[in-house]
Participant: 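Following this message is one structure expressed as structure tokens.
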Amino acid sequence: MTEDTPQLYLDADVMERNLDRLATFAKENGLNFRPHVKTHKSKQIARKQMDAGAVGVTVATLDEAEVMIDAGIPSVMIAYPITKAEKIARLKTLAERAHIIVSIDTTVGADLLSGAFSEESVDVWLKVNSGLNRCGVEPGEEAVELAHYVTKLPGLNLTGIYTHAGHAYGATSEDERMAIAKQEAESVVTSAERCEEDGITIPNRSVGTTPTVFDAGVYDGVTDIRPGNAVFYDMVQVGLGVAKPEDCAVTVKATVVSKHMNRIVIDAGSKALSLEKGAHGNESVVGFGCVVEHPELTIEKLSEEHGVIPIDADTDCPLAINDTIHIIPNHACVTVNLFDSYVVSTGEIWSVDARGGSK
């Protein structure tokens with residue numbers, strides 16, 4: 001196992017425990033488990049999720065889709081609107097190799113996909129806006145209107161409605177987080193039920209941002225969950241109260257490279273930890289990650305290759321030059337994307353196969 005730093009370290013036992021919890025939850029509640037792979041970006045981990053009972057995976061980009069299909073994943077949902085001609089051409093090629101589900105939230109997107117698949121067919125899911133105010137039609141009548149439009153177009157099989165309640169990351173209390181979970185589930189189920197009142201069958205009703213998945217997933221009428229971050233967790237999830245530090249499977253191993261009267265410096269900067277301190281308006285963390293061995297220390301400042309930890313000149317700091325520490329990142333998804341590979345607790349090296357796959 002490499003000892004050089006900074007390195008991306010993965011505790012396989014913790015990851016397996018997180019994965020088992022999700023898979024068991026899905027099985028016990030009769031839900032399809034369709035995890036988002038943008039967190040781990042790994043063929044190895046995606047295969048483990050499939051072995052645990054996932055029906056397929058969710059991706060954000062066609063690059064990620066290609067990596068997962070190359071790994072033998074049989075079903076891939078692309079939870080991002082595909083409208084550009086170059087991307088639609090790539091999508092058609094991918095659809096020849098695996099079952100593809102495509103996101104739609106506009107009539108323009110629907111027309112473009114229909115034009116490309118008019119002689120074949122592709123499954124599509126409508127995205128509804130459950131409060132994040134990013135992509136998605138409004139739940140209820142607007143979703144029904146788009147559903148009617150889609151069902152009249154050749155080549156499109158409307159088989160689901162989904163949402164992403166990313167604003168849960170901005171929740172400032174447990175009550176607010178629970179209210180968002182309810183809103184998330186209701187936006188999907190209500191839209192699906194209204195469609196079915198008009199004779200449009202919607203078999204798949206999908207939710208699943210990590211902070212809400214265990215609450216929204218038990219809502220009557222939900223059939224599908226798509227959590228991503230929950231395979232690893234991170235300090236944002238700890239700050240939201242949905243995980244504990246011991247649930248966090250990924251850390252960045254770093255080395256103390258300099259020590260002075262009022263500070264120590266580590267070799268993990270923004271290129272290893274990222275500059276994120278929260279998500280969607282909520283800075284629920286302190287500093288740029290949690291030092292596992294010394295949680296009383298705060299990584300207060302990052303430059304590209306340096307992390308600076310203030311220390312009290314009158315207090316003996318337990319760390320010396322060349323000591324190593326493990327840092328739980330604030331946001332695991334973006335941290336993973338900064339590395340080429342995981343150093344795994346089993347002694348293996350696993351590739352971050354879809355690193356940088358932004359197209």
Side-chain angles (χ1 to χ4, degrees), residues 1-15 18 37-42 44-45 210 228-239 243-259 263-279 283-311 317-356:
M1 180 181 296
T2 179
E3 294 298 326
D4 202 3
T5 56
Q7 68 176 217
L8 184 65
Y9 178 78
L10 172 61
D11 189 316
D13 290 337
V14 176
M15 182 196 71
N18 294 340
V37 300
K38 72 173 182 177
T39 297
H40 59 73
K41 300 175 176 65
S42 163
Q44 187 91 9
I45 297 173
T210 289
N229 187 275
V231 72
F232 289 161
Y233 292 116
D234 52 29
M235 288 310 296
V236 167
Q237 305 295 343
V238 173
K244 298 177 180 179
E246 55 265 35
D247 298 320
C248 297
V250 162
T251 55
V252 174
K253 185 177 180 180
T255 299
V256 176
V257 296
S258 185
K259 183 174 182 179
R263 67 194 183 280
I264 60 175
V265 181
I266 58 175
D267 62 356
S270 62
K271 289 179 179 178
L273 292 170
S274 91
L275 290 168
E276 284 210 24
K277 294 185 69 176
E283 288 197 4
S284 58
V285 294
V286 176
F288 293 96
C290 175
V291 180
V292 175
E293 295 86 355
H294 298 285
E296 74 278 6
L297 298 178
T298 300
I299 305 170
E300 190 173 89
K301 185 171 64 174
L302 297 182
S303 50
E304 290 181 81
E305 293 86 12
H306 303 78
V308 179
I309 301 175
I311 57 176
C317 175
L319 293 173
I321 291 176
N322 283 332
D323 282 350
T324 57
I325 57 176
H326 289 81
I327 303 158
I328 302 172
N330 290 342
H331 189 177
C333 308
V334 295
T335 298
V336 167
N337 198 47
L338 296 170
F339 288 86
D340 292 323
S341 59
Y342 300 91
V343 176
V344 189
S345 57
T346 57
E348 301 169 276
I349 304 294
W350 294 352
S351 175
V352 183
D353 302 284
R355 179 188 181 187

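It should be emphasised that the depicted structure is a prediction, and the values quoted were computed from it without experimental measurement.
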Participant: Any side-chain donor paired with an acceptor under 3.5 Å for T346 and E348?
Facilitator: yes
Participant: Can you confirm whether more than 12 heavy atoms, excluding those of K301, are under 6.0 Å from its NZ atom?
Facilitator: no
Participant: Does the pair I327 and T251 meet the rule for a side chain to side chain contact (heavy atoms under 4.5 Å, CB included), with working shown?
Facilitator: CA-CA 5 Å; I327 303 158; T251 55; 5.7 Å; no
Participant: What I'd like to find out is whether the side chain of F232 reaches to under 4.5 Å of the side chain of I45, using heavy atoms alone.
Facilitator: yes
Participant: Please report the closest heavy-atom contact between I264 and K259, naming both atoms and the distance.
Facilitator: CG2-CG, 3.5 Å
Participant: Is it the case that the side chain of N18 and the backbone of M15 share a donor-acceptor pair, with hydrogens and angles ignored and the cut-off at 3.5 Å?
Facilitator: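 Checking the backbone N and O of M15 against the side chain of N18, no donor-acceptor pair under 3.5 Å is found.
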Participant: Nearest 0.5 Å, please: how far is CD1 in I309 from CD1 in I311?
Facilitator: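 So the gap between those two atoms works out to 9.0 Å.
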Participant: Please report the shortest heavy-atom distance between C333 and K38, naming the atom on each side.
Facilitator: CB-O, 4.3 Å
Participant: How many angstroms lie between atom CD of E296 and atom SG of C317, to the nearest 0.5 angstrom?
Facilitator: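 Between atom CD of E296 and atom SG of C317 there are 8.0 Å.
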Participant: Mark yes or no for whether E293, through its side chain, and H326, through its backbone, hold a donor-acceptor pair below 3.5 Å.
Facilitator: yes
Participant: Of the non-hydrogen atoms in V250 and P329, which two are nearest, and what is the gap between them?
Facilitator: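 Closest pair (atom of V250, atom of P329, distance): O-CD, 3.3 Å.
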Participant: For F339 and V252: C-alpha separation, side-chain torsions, deciding distance, then whether side chain to side chain contact (heavy atoms under 4.5 Å, CB included) applies.
Facilitator: CA-CA 10 Å; F339 288 86; V252 174; 4.2 Å; yes
Participant: List the residues meeting salt bridge (Lys or Arg N to Asp or Glu O under 4.0 Å) with E305, not counting sequence neighbours, and say none if there are none.
Facilitator: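 Here the qualifying residues are K271.
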Participant: Would a distance-only check, ignoring hydrogens and angles, find a side-chain to backbone donor-acceptor pair under 3.5 Å from S345 to A12?
Facilitator: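 Yes, the answer is positive, given that a donor and an acceptor are paired below the 3.5 Å cut-off.
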Participant: Is the closest side-chain heavy-atom distance between D340 and V352 below 4.5 Å?
Facilitator: no
Participant: Using every non-hydrogen atom in the two residues, find where V238 and C248 come nearest and quote the distance to one decimal.
Facilitator: CG2-SG, 3.9 Å
Participant: Run the side chain to side chain contact (heavy atoms under 4.5 Å, CB included) check on L319 and L297 step by step: do they pass?
Facilitator: CA-CA 10 Å; L319 293 173; L297 298 178; 3.8 Å; yes
Participant: Mark yes or no for whether S42, through its side chain, and Q44, through its backbone, hold a donor-acceptor pair below 3.5 Å.
Facilitator: yes
Participant: Kindly compute the distance separating CD1 (I299) from SG (C290), expressed to the nearest 0.5 Å.
Facilitator: 8.5 Å
Participant: Would S274 and N330 count as a side chain to side chain contact (heavy atoms under 4.5 Å, CB included) if you check the C-alpha gap in whole Å, the side-chain angles of each, and the deciding distance to 0.1 Å?
Facilitator: CA-CA 8 Å; S274 91; N330 290 342; 5.9 Å; no
Participant: Output yes when a side-chain donor or acceptor of R355 lies under 3.5 Å from a complementary backbone atom of N337, and no otherwise.
Facilitator: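 Yes, because the side chain of R355 sits within donor-acceptor range (under 3.5 Å) of the backbone of N337.
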Participant: What heavy-atom pair brings V285 and K277 nearest, and what distance separates the two atoms?
Facilitator: CG2-O, 2.9 Å
Participant: Give, for atom CD of Q7 and atom OG1 of T324, the distance between the pair rounded to the nearest 0.5 Å.
Facilitator: 8.5 Å
Participant: Determine whether a donor-acceptor pair (N or O, by modelled atom type, separation under 3.5 Å) exists between the side chain of K253 and the backbone of V343.
Facilitator: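 Judged by distance alone, no pair lies under 3.5 Å.
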Participant: How many angstroms lie between OG1 in T255 and CD1 in I321, if you round to the nearest 0.5 Å?
Facilitator: 11.5 Å
Participant: So, taking the atom named NZ in K41 and the one named OH in Y342, what distance separates them when rounded to the nearest 0.5 Å?
Facilitator: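 Result: 7.5 Å between the selected atoms.
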Participant: For N229, which of D234, T39, T210 qualifies under side chain to side chain donor-acceptor pair (under 3.5 Å)?
Facilitator: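 Output: one option passes, namely D234.
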